[in-house]
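First comes the structure, then the notes that go with it.
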Amino acid sequence: MKQVRWALAGALLFFGPMARAQGSDTPPTADLVWVALSAVLVLLMTPALAMFYGGMVRRINVLSTMMHSFIAMGVISIVWLALGYSLAFGAAGSGWIGDFSRTMGNGISTSEPAASGGSSALFMLFQMMFAIITPALISGAIAERMKFGSYVAFIALWSLVVYSPVACWVWNADGWLFKHGALDFAGGTVVHLASGVAALAAAIVLGKRRALIHREPIPPNNLTMTLVGAGLLWFGWIGFNAGSALAMNGVAINAFISTHMAAAAGMIGWLIVERIKTGKATALGAASGLVGGLVGITPGAGFVAPVGAVAVGLLTGAACYLAIGLKNKLGYDDSLDVVGVHGAGGLLGAVLTGVFASEAANPAVKDALAGGRMELVVKQVVAVGAVGVYSFLITMGLLLALKAMGGIRASAEQEDAGLDETMHGEAGYNLY
Amino acid sequence: MKQVRWALAGALLFFGPMARAQGSDTPPTADLVWVALSAVLVLLMTPALAMFYGGMVRRINVLSTMMHSFIAMGVISIVWLALGYSLAFGAAGSGWIGDFSRTMGNGISTSEPAASGGSSALFMLFQMMFAIITPALISGAIAERMKFGSYVAFIALWSLVVYSPVACWVWNADGWLFKHGALDFAGGTVVHLASGVAALAAAIVLGKRRALIHREPIPPNNLTMTLVGAGLLWFGWIGFNAGSALAMNGVAINAFISTHMAAAAGMIGWLIVERIKTGKATALGAASGLVGGLVGITPGAGFVAPVGAVAVGLLTGAACYLAIGLKNKLGYDDSLDVVGVHGAGGLLGAVLTGVFASEAANPAVKDALAGGRMELVVKQVVAVGAVGVYSFLITMGLLLALKAMGGIRASAEQEDAGLDETMHGEAGYNLY
Amino acid sequence: MKQVRWALAGALLFFGPMARAQGSDTPPTADLVWVALSAVLVLLMTPALAMFYGGMVRRINVLSTMMHSFIAMGVISIVWLALGYSLAFGAAGSGWIGDFSRTMGNGISTSEPAASGGSSALFMLFQMMFAIITPALISGAIAERMKFGSYVAFIALWSLVVYSPVACWVWNADGWLFKHGALDFAGGTVVHLASGVAALAAAIVLGKRRALIHREPIPPNNLTMTLVGAGLLWFGWIGFNAGSALAMNGVAINAFISTHMAAAAGMIGWLIVERIKTGKATALGAASGLVGGLVGITPGAGFVAPVGAVAVGLLTGAACYLAIGLKNKLGYDDSLDVVGVHGAGGLLGAVLTGVFASEAANPAVKDALAGGRMELVVKQVVAVGAVGVYSFLITMGLLLALKAMGGIRASAEQEDAGLDETMHGEAGYNLY
Amino acid sequence: MMKIEAMIRPQKLEAVLEAVHELQLTGMTVTEVRGMGRQRGITYTYRGSQYTTPLSHKVKIELVVNDEMVEDAVRAIQEAAGTGEVGDGKIFLVPVADAIRIRNGERGEPAIS
Amino acid sequence: MMKIEAMIRPQKLEAVLEAVHELQLTGMTVTEVRGMGRQRGITYTYRGSQYTTPLSHKVKIELVVNDEMVEDAVRAIQEAAGTGEVGDGKIFLVPVADAIRIRNGERGEPAIS
Amino acid sequence: MMKIEAMIRPQKLEAVLEAVHELQLTGMTVTEVRGMGRQRGITYTYRGSQYTTPLSHKVKIELVVNDEMVEDAVRAIQEAAGTGEVGDGKIFLVPVADAIRIRNGERGEPAIS
Ligand SMILES: Nc1ncnc2c1ncn2[C@@H]1O[C@H](COP(=O)(O)OP(=O)(O)O)[C@@H](O)[C@H]1O
Ligand SMILES: Nc1ncnc2c1ncn2[C@@H]1O[C@H](COP(=O)(O)OP(=O)(O)O)[C@@H](O)[C@H]1O
Ligand SMILES: Nc1ncnc2c1ncn2[C@@H]1O[C@H](COP(=O)(O)OP(=O)(O)O)[C@@H](O)[C@H]1O
């Protein structure tokens, strides 16, 4: 059963030197093109996230917020090549963390023709794009008030002590959650749940924005940018999910369709609830709902058939709308609703994957359902719980340590004048 | 002749279970990658359209206008999966409309490895992207004054009663226009002509914007966004046209080059006429002209050689410039010139396809020209006429019915204050 | 050795009718998909450049600056198809310039199925995208003060008298620099060095902007657009570099990874120096540094291993920061630092390619290093010198001639009021 | 000399410009502003929370005119900008002590004619 | 009649709107401005060069009120907008000769009440 | 006390800020405006139709100064902002009744020094 449950994990075998039987008559070049295409699509998601987030903050913090995403592309790429990939996908006898066998690009050959099956470099690269966007997602929770230097230190460390271990548990063939047997096609748990829960911890440690405390308005500076960012996220997410099949085949095509349908349905789900509750269907709601639907389908894209994906999208879109209301009740300041969208959406998506996984979408689901659907749902919940608790506690510890070492929050003056001006010495717009 | 005239229709055969002879030594995986890549490129065209259109309206309607495109992604995706695809590509003995055999994703298998030829799911998906953008194109004609709810109802219905039937006529192997024998490589008639003519009907039914009546200025809020949208449309259009070959082969490569050349020449064609007429070459002119060129080459991309495509682009770019002047003479308010660009461009492109189709570009053209070039041009005109008349009348009826059922136009107050504020409760920018 | 040194040049063989041995069991369809995908990615780079540059100028010149890129897409596409491609890649017995055998699309067949190896049309197209962006890069140096008509004439001529010859020298199998034996994987010399040096000549001939002379502030109008443009450049550059392998293989994958790593490291390199020098890490610095890193790795992407690429990126990012200071010392007005980024980055990248080229990345490097690393570095310097001197002198001559024929600079009035208003009759934004 | 300051609806600016032009007044300055008045404010919806601002978009125009032109100008603006609905705006008359034309240093009435 | 012109911190606008509302003053106009004062200016970094502007973001509010309301209004604004730090801004009192309500031509005090 | 209001060319703002600084005047407020005057307007081209607006981009500066500073300030602005070409702009002098520093409630001359 192991080899079918986790599509991504197959990659390790696929790209491994012995994956292709001799005499195979389907050379994998087209599959490599598909994965490379997917990697470049996922690469674009982080600039897209910069737009999505950047449009929602006040004008005085637009560059600061976009920098949170861009700097992740700079820093995490290097961290991942140097160490993170090895911790996630190196040999992990214990099931908890990889060894140092693949640090600094070691053991990741690109020089042999890929067609002969000798290269795992593309897998390392594809995974790098996931490693980049995950901490960038967290940045939405701390927008408009965190020191830039502290943020850089935080994401570099977080990537090593939270992301890499969790990726190891879930995607490494030796990982304990991999063996446990939950379904996570493209990172619902590793990417969205882990970042959503980390966002909660970060929002708590950072505290509320001064503008929120003083009830000053916090108008989004440019919702057109947020909409375009959401559109580009949709575009890139096809690579994220359908590329996670690591080959062009029926599962990849199913993942493409289901991803698309869930995004569409997520938009509709959010807008319906919003219209009922406020009387208006908003553009930001459309953008948020489609992202919610995409988050929801991420763990199930390769397991859930298109009609099921519509259900997943509708439910996640609606649920995310309701979940973002929590912050007002519970009193944390999750600036851009990372907890509500990625935390809640990631959690619900994992559970719904258990509910809607279907053999019609992916024959591998047969094995996953061997113990009954209820058992699968429970496994999903266990995976979510383990990752959630780990990410929350370590993030909390990490930020408290950084805080003790010199503070992680901008000064009141910096916050009032805006981080663009005070931390980066820039203004987003000089339009007039 | 039938199997060569319509590149798209080939898809039904191509993806059908018996398309690939046993022992075929060219597995289609690379072709699937090409179509999937093309689908994701076309997916991006609707956000690109949101930018292209969004930049041209007044600031007070920017989100409303962008929502017209985004909501199409939400609503039409579901309509298409549920019903539209079946009406277009289900069995259509009559030649007029498909049956219900492929509703709700039925009969569209993704679970078998695509390499064995068992899946038409990717074709359904690729077609979905066309179905999404077509009604979104119409929205340019009704920008700045239509009720959001009415718009949503309109595009959902239009997709079922205009788009699906027309797609059936033209692209379904049973379709009457398919059998008639005109050339439409990637949707000049189905997408551009149908939407351009519907736009005319919609502009007439909706009536003029109050600002136009009162001769208030209607300045485009952000032409940089329009330019970037045009750039992304160009990018996505490669998938639209070259992907319509449904395989990576000489026809696809020709379509790529011809599409690119027509966009370039469309820009130049527009700018030359504009410079002569007004003394200035404008940025909006460059953006509009390239879109005009792309519209013009859409029906012929796979049939016209690169040098012919330059001619098509130059002529369509120039013609679109002249066609947008019509609205002032005839008195309808086509806010963003959908009639002038997609209607006129689609019409001219269909005719020019007959004129410039060349065997050098596509051997299939030989059969199309069997009866002489004049006969082909006449066939093109018949196809355009049939689709045009149908789309105009049904759109008219649909909108008049919706109007009778409670009004489709924003109130005067809403229009004056802008739809963003009054319908969506938002403002596009808070930049200062 | 010839067939291994220049990855691009391989294309001529690859796509040539005899490239594929009969009985070959790896059909190139997947490779064609990869090249087509890369071409569409590079296509997007010019709109991305429009954003990158457009955001940095004053509001009154934003459209004018974006038009510099867009018009290159219109004009150069046609120039290249008509003549430029033939001059670059036609038969070039002399080693200096191609003949007229491939003008007007002659001899560039698309009609045969690419799978049978009969088409070089895709190569012509892929190369067209490079030909488009190169003169557009120069436009950064003359932003905010050049006449639009003169600019159009300039890039059309420059493409024919500078770009095509240089491309011939370096990439044509007959070219003298091709035979000389330097390494330029994806255009460090042809694209970046040639345009960076031309930018210097152009800045000198055009003279300083009035605003600079009068010490008026020149605030960037929209750094969010510049950031997004940089993100899209990163995305497109994968096609630029990894597509230059002209096949999906180990070299392409290495190029993808190295390109990505150099962009990341370029960002970090710039920000570190900037933080040390000014105390701030800026968003514009992140955008500029990543572009610098991409420029630096362009000649070496297929020859330098990922860890080497990190070094190339760090060094080029830092060096570009320092190089842009030159203009203040030397007194030319290079509006958007084309000399500092593309000139200096292209030069340094060429040298560093010699330093870091490694057999682990590409077995072909073995031959290049046959004479020792120092010899290779010297060859790199010679190539840079030849291209640099040629581009500088011809650009200078071209602009002086255009100047003599009626002036190339906007009037003082036009410059003060902005080129958008006075040359294009438009305003970028009407946001309030 | 008197400065006429009027807050009007943005969409009426065009008509006011024409009206002012017809009076042969050649100088005027226009500013984008937001105004609070009797007019209902705007309610913004942001991810479920709603926020109402009393401010709506207005345009402020300023013309400095000779005393004898004041009443004509006021009447012209009032006619061009009025719709009869709440939110039409206000005109204020602010005394001005002197005017200087930067170009040539002219002062007083000649500077504004 | 007096026009109260105040330049305040942007983030204090909300509080001032409320304060003004409590005084039952129904009219006010708001403009985005940049101000120079004792407050330190902003230093922008642009690719290595640095540029300092003395201007910081401010909001200007204008209310025309009856003479008897002036002191109350000034006090209310001062309380709502003040932080005690440099950069809080200024209030200026500018005499106004007359006011006209565009909607119905009312003049004088009725026009602003 | 007098408020000096000047509409100037945007590109002259920098020079005016310096000139004002040299006079030791520490306060000033700047607004982006559009102005109609003798200067030719702008013709916009939009897909074949053309539209001419009489408005061009200007910057408005406002300084409240003591009466004795008025002439110096006017001269300084005039010199810094002038080019001698049509469109240089105007300076208006508007009497001010009082000034209040929000930070500490100071009134009158101390508030603006
Ligand atoms: N007392 C005032 N001071 C300054 N501006 C005012 C005042 N009263 C009204 N305004 C301006 O006039 C605009 C229209 O006022 P409002 O009361 O809505 O309209 P009406 O005069 O038709 O009742 C407001 O938005 C504001 O900009
Ligand atoms: N003399 C003045 N004329 C016009 N505006 C002024 C004047 N003095 C101050 N301002 C405005 O008030 C704002 C705050 O002034 P500042 O001197 O920084 O604060 P404070 O009054 O607390 O010392 C300035 O940014 C400017 O907009
Ligand atoms: N009477 C006036 N009232 C208000 N603003 C004016 C007036 N006259 C001119 N202005 C402002 O001054 C600017 C320059 O005026 P203009 O007549 O073009 O220049 P010049 O004073 O050099 O003849 C105008 O754009 C406008 O903003």
Side-chain angles (χ1 to χ4, degrees), chain B residues 54 56-68 70-71 74 143-149 151-152 207-223 328 333 335 409-432, chain D residues 6-23 25 28-63 76-90:
Chain B
M56 276 189 271
V57 297
R58 283 168 293 171
R59 183 209 62 210
I60 54 175
N61 294 313
V62 60
L63 293 180
S64 150
T65 299
M66 295 182 80
M67 272 295 268
H68 286 160
F70 274 87
I71 198 69
E144 306 203 294
R145 62 196 184 287
M146 190 166 181
K147 276 191 198 167
F148 182 65
Y151 172 77
V152 172
K208 286 190 185 187
R209 281 167 293 173
R210 287 170 51 84
L212 199 72
I213 295 169
H214 298 127
R215 302 196 298 119
E216 292 159 14
I218 307 184
N221 72 89
N222 188 352
L223 288 180
N328 300 323
D333 179 13
S335 319
R409 184 149 174 178
S411 70
E413 241 175 70
Q414 290 176 321
E415 215 181 310
D416 286 350
L419 308 187
D420 287 5
E421 183 180 308
T422 55
M423 276 190 186
H424 302 286
E426 293 173 291
Y429 311 102
N430 288 294
L431 292 175
Y432 50 126
Chain D
M7 327 300 180
I8 62 171
R9 298 180 191 273
Q11 66 264 29
K12 288 296 176 191
L13 174 60
E14 200 67 12
V16 170
L17 285 173
E18 273 173 32
V20 165
H21 188 74
E22 268 171 32
L23 287 178
L25 295 172
M28 176 163 145
T29 299
V30 176
T31 317
E32 308 284 330
V33 300
R34 286 174 291 159
M36 184 177 92
R38 306 203 163 197
Q39 199 181 359
R40 202 177 46 243
I42 307 171
T43 299
Y44 290 111
T45 304
Y46 179 86
R47 283 193 165 168
S49 42
Q50 295 197 308
Y51 161 76
T52 300
T53 168
L55 301 171
S56 26
H57 290 276
K58 297 283 166 197
V59 156
K60 175 166 115 178
I61 60 175
E62 294 170 274
L63 307 87
I77 293 169
Q78 201 185 321
E79 269 165 28
T83 67
E85 305 287 319
V86 169
D88 274 356
K90 300 280 193 313

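Quick note on labels: first sequence line is chain A, next is B, and so on, each numbered from 1.
- D/Arg47 pairs by the side-chain hydrogen bond (donor to acceptor under 3.5 Å, both in side chains) definition with A/Ser288, A/Asp337, not counting sequence neighbours.
- Here D/Glu14 pairs with nothing under the salt bridge (charged side-chain N to carboxylate O under 4.0 Å, His left out) rule; sequence neighbours left out.
- Residues of residues 35-46 of chain D lying within less than 4.5 angstrom of chain B, judged on heavy atoms, are D/Arg40, D/Ile42, D/Thr43, D/Tyr44, D/Thr45 in numerical order.
- Residue pairs meeting the salt bridge (charged side-chain N to carboxylate O under 4.0 Å, His left out) criterion with at least one member in residues 209-218 of chain B, sequence neighbours excluded, are B/Glu144-B/Arg209, B/Arg209-B/Asp333, B/Arg210-B/Asp416.
- With a threshold of 4.5 angstrom between heavy atoms, B/Ala417 does not approach chain D through any atom at all.
- The side-chain heavy atoms of D/Gln11 and B/Arg58, taken from C-beta on, include no pair separated by under 4.5 Å.
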